[in-house]
Amino acid sequence: MSFAREQVHNFAAGPSPLPTPVLEKAAVGLLNYNGTGMGVCELSHRSKEFKGIIEGAEANLRKLYGVPDNYSILFAQGGGTTQFASVMLNILAARRIQHKDDKEYAVPTIDYVVTGSWSSKAYAEAQRLALPPAPGAQPFAAPRIAATAKPSKFTTLPKQDEYDFSADAAYVYYCENETINGTEFPAADAPSEFSFPFDKVPAGVPVVADYSSSFVSRPIANFDKHAIIVAGAQKNLGPSGVTVVIVRNDLLVDTTEAMKLGNIPAVPIQSEYKTLADNGSLYNTPPTFPIYVSALVLEYLVAERDGMKGIEATNRAKAETLYAALDAAEAKGTVRCVVREKLARSWMNITFEIVGEGKEKAFLDGAEALGFRQLKGHRSVGGIRASLYNAVTLESVKALAEYISNF
Ligand SMILES: Cc1ncc(COP(=O)(O)O)c(C=O)c1O
C-alpha cells in the first residue's frame, strides 16, 4: 500500500518530518539549482552559489535567535555524538593555553548534568577521553556528575537546590531536551524550580548545552550565559549529516599550540572549532545537501512561521494539546505519562505508556491504521513517544489527541 504525505501524521524522533514546501523547493534544487543547470549536490562547495547558501543559513539563524557577534556559527560533521568529544577537546585546549605558565598543570574537573540517555552518553565520552595517556600518568581531566535525575530513572529533572558545581570546572555540560526520556528544561518565559540554575555556575566557568532535539523550537533560555550550543540538524533543522555549533569566540583556539604544552588529549583538525571558523565551515568538503535543506528550513521559519515567536506559540499549543489529552486519559486509567513532573516535560518528545497487557500493540496497530506513524518509543526504554517537531502541525497533534481520548 502506498500513501501520500497528506495521509500520514509523522511523529518520528529523528530523522523527522520537514516542511513540505521546503522539500518541494529542495527537490527542484537537487536537479537544477537556481537556473545553473546543475543540481545543488553537483556544485563545488567553494562556488559562489554554495557560499550564498551557507551564508544565508548563518544569517537566518542569527536572526531567529538573535545570536550576538561574539559568537561564531559553525556547520560541522559527525553528528551530535562527535560534539560530545569536540566541546571537551576545544575547551580543554583553551584552558591549557590560559594556564600555559603554570609550573604544574592541575587536572581540571568537568561538571556534567546527567538528565537522560544523551547526557549520559556525553558524560561517558568525557570519561573515555579523560583517560591518562599511559598507565600511572595523570588523566587529562576529571569529569564528574554535578546533578543527576538517574534515581528517578530520568522521569524528572533535578531541582535547583540539587546542583553541586565545582568551583573551577573546565566547563558545565547539560542536555536541554532529552529526546529519549522526554524531559526538557522549562521555557525561557516559564522559569521554575526545574530551570537550569545558571546563577549557581561559578563565574567564568563555560556552560555547554546540547540542543539537538529542541533547536529552533523556542527561544533559548539565557542564551548569553552559554559558551557553546550544539545541535544535530535531524530534528527541527534539516536532514541528518550536519551539526550546528554556536561557539563563543574566546573558545576558538589554536589546539596545536595547546597540544604542544601537553596535558590535553590530541585534537583532530576536524574537531578544532577555530579551523572551522577560520574557513567559514569549509575547511574540508562539508555535507552540502543537508546544509542546503537546513538553509531552506531556516528561510521558511523566518518568512512563513513568523520567526521564533510564531514557532514558539505553535509548539506550546501542540504540547499543551497532547499533554491535556494524556492527563485526561491517565485519569481514566488508559495511559501513563512517563515524565511525572509536569514542569519537567518536553515540548518536543512526549513519552507515555499504554496501561494493560497487550494494549500497547493495540494502540500502535490502531494508530497505524489511522495514519499515525513512528510512535514507538526508543528501543532502550520502550513505550510510546510522539515527537512534535516544528514540521508537525497542530492539526496532526489534535488528531492524535483525539485518538488517545477515544482509545
Ligand atoms: C539530544 C541528542 N543529543 C545527541 C544526539 C546524537 O546525535 P547524532 O545521532 O547526530 O550523533 C541525539 C540523537 O538523537 C540527541 O537527540
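Atoms considered below: every heavy atom in the structure, side chains included; atoms not considered: hydrogens, waters and symmetry mates. Residues take their numbers from the sequence shown, with the count starting at 1. Order of listing sets the numbers, starting from 1, for every ligand and every atom in it.
Atoms of ligand 1 lying under 4.0 Å from any heavy atom of Ser213, numbered from 1 in the order shown and given with element: 1 (C). Per-residue contacts place Thr81 under 4.0 angstrom from the following atoms of ligand 1 (heavy atoms of the residue considered): 6 (C), 7 (O), 8 (P), 11 (O). Taking a cut-off of under 4.0 Å to the non-hydrogen atoms of Cys175, the atoms of ligand 1 that pass are 1 (C). Near Ser212, with a cut-off below 4.0 Å to any heavy atom, the atoms of ligand 1 are 1 (C), 2 (C), 3 (N), 4 (C), 15 (C). Atom numbering of ligand 1 starts at 1 in the shown order; those under 4.0 Å from a heavy atom of Gly79 are 10 (O), 11 (O).
Nearest residue to atom 7 (O) of ligand 1 from Gly241, Gly78, Gly80 is Gly80 (criterion: closest heavy atom).
Using a 30° and 60° split on the angle between ring planes, Trp118 and Phe84 fall in the tilted class, from 30° to 60°. Between Tyr65 and Phe223, the two ring planes are tilted [angle within 30° to 60°]. The aromatic rings of Phe196 and Tyr174 lie parallel to each other, with less than 30° between the two planes, well short of the 60° mark. Between Tyr403 and Phe363, the two ring planes are tilted [angle within 30° to 60°].
Annotation: atom 1 (C) of ligand 1 to nearest protein heavy atom, Thr179 OG1, 3.3 Å. Nearest non-hydrogen protein atom to atom 6 (C) of ligand 1 is Trp118 CZ3, 3.5 Å. Among all non-hydrogen protein atoms, the one lying nearest atom 3 (N) of ligand 1 is Asp210 OD2, 2.6 Å.
Under a cutoff of 6.0 Å and an axis angle of 45°, Arg373 and Phe3 form a cation-pi pair.
A salt bridge is defined here as a Lys NZ or Arg NE, NH1 or NH2 lying under 4.0 Å from an Asp or Glu carboxylate O, and Lys159 with Asp161 fails to meet this definition. Between Lys260 and Asp254 there is no salt bridge, since no side-chain N of the basic residue sits under 4.0 Å from a carboxylate O of the acidic one.
Ligand 1 has at least one atom lying under 4.0 Å from a heavy atom of Gln234. At least one heavy atom of Asn177 sits closer than 4.0 Å to an atom of ligand 1. Note on ligand 1: Phe84 sits in its first shell, one or more heavy atoms being nearer than 4.0 Å. The closest approach between any non-hydrogen atom of Gly14 and ligand 1 is not below 4.0 Å.
The backbone N or O of Tyr163 lies less than 3.5 Å from no partner atom in the side chain of Lys200, so there is not a single donor-acceptor pair.
Under a cut-off of 6.0 angstrom, the local environment of CG in Asp69 is sparse, with at most 12 non-hydrogen atoms contributed by other residues, nucleotides or ligands.
Heavy atoms of Lys235 found under 4.0 angstrom from ligand 1 belong exclusively to the side chain. Using a 4.0 Å cut-off between heavy atoms, Ser240 makes no contact with ligand 1 at all.
A donor-acceptor pair shorter than 3.5 Å can be found between the side chains of Asp210 and Ser212.
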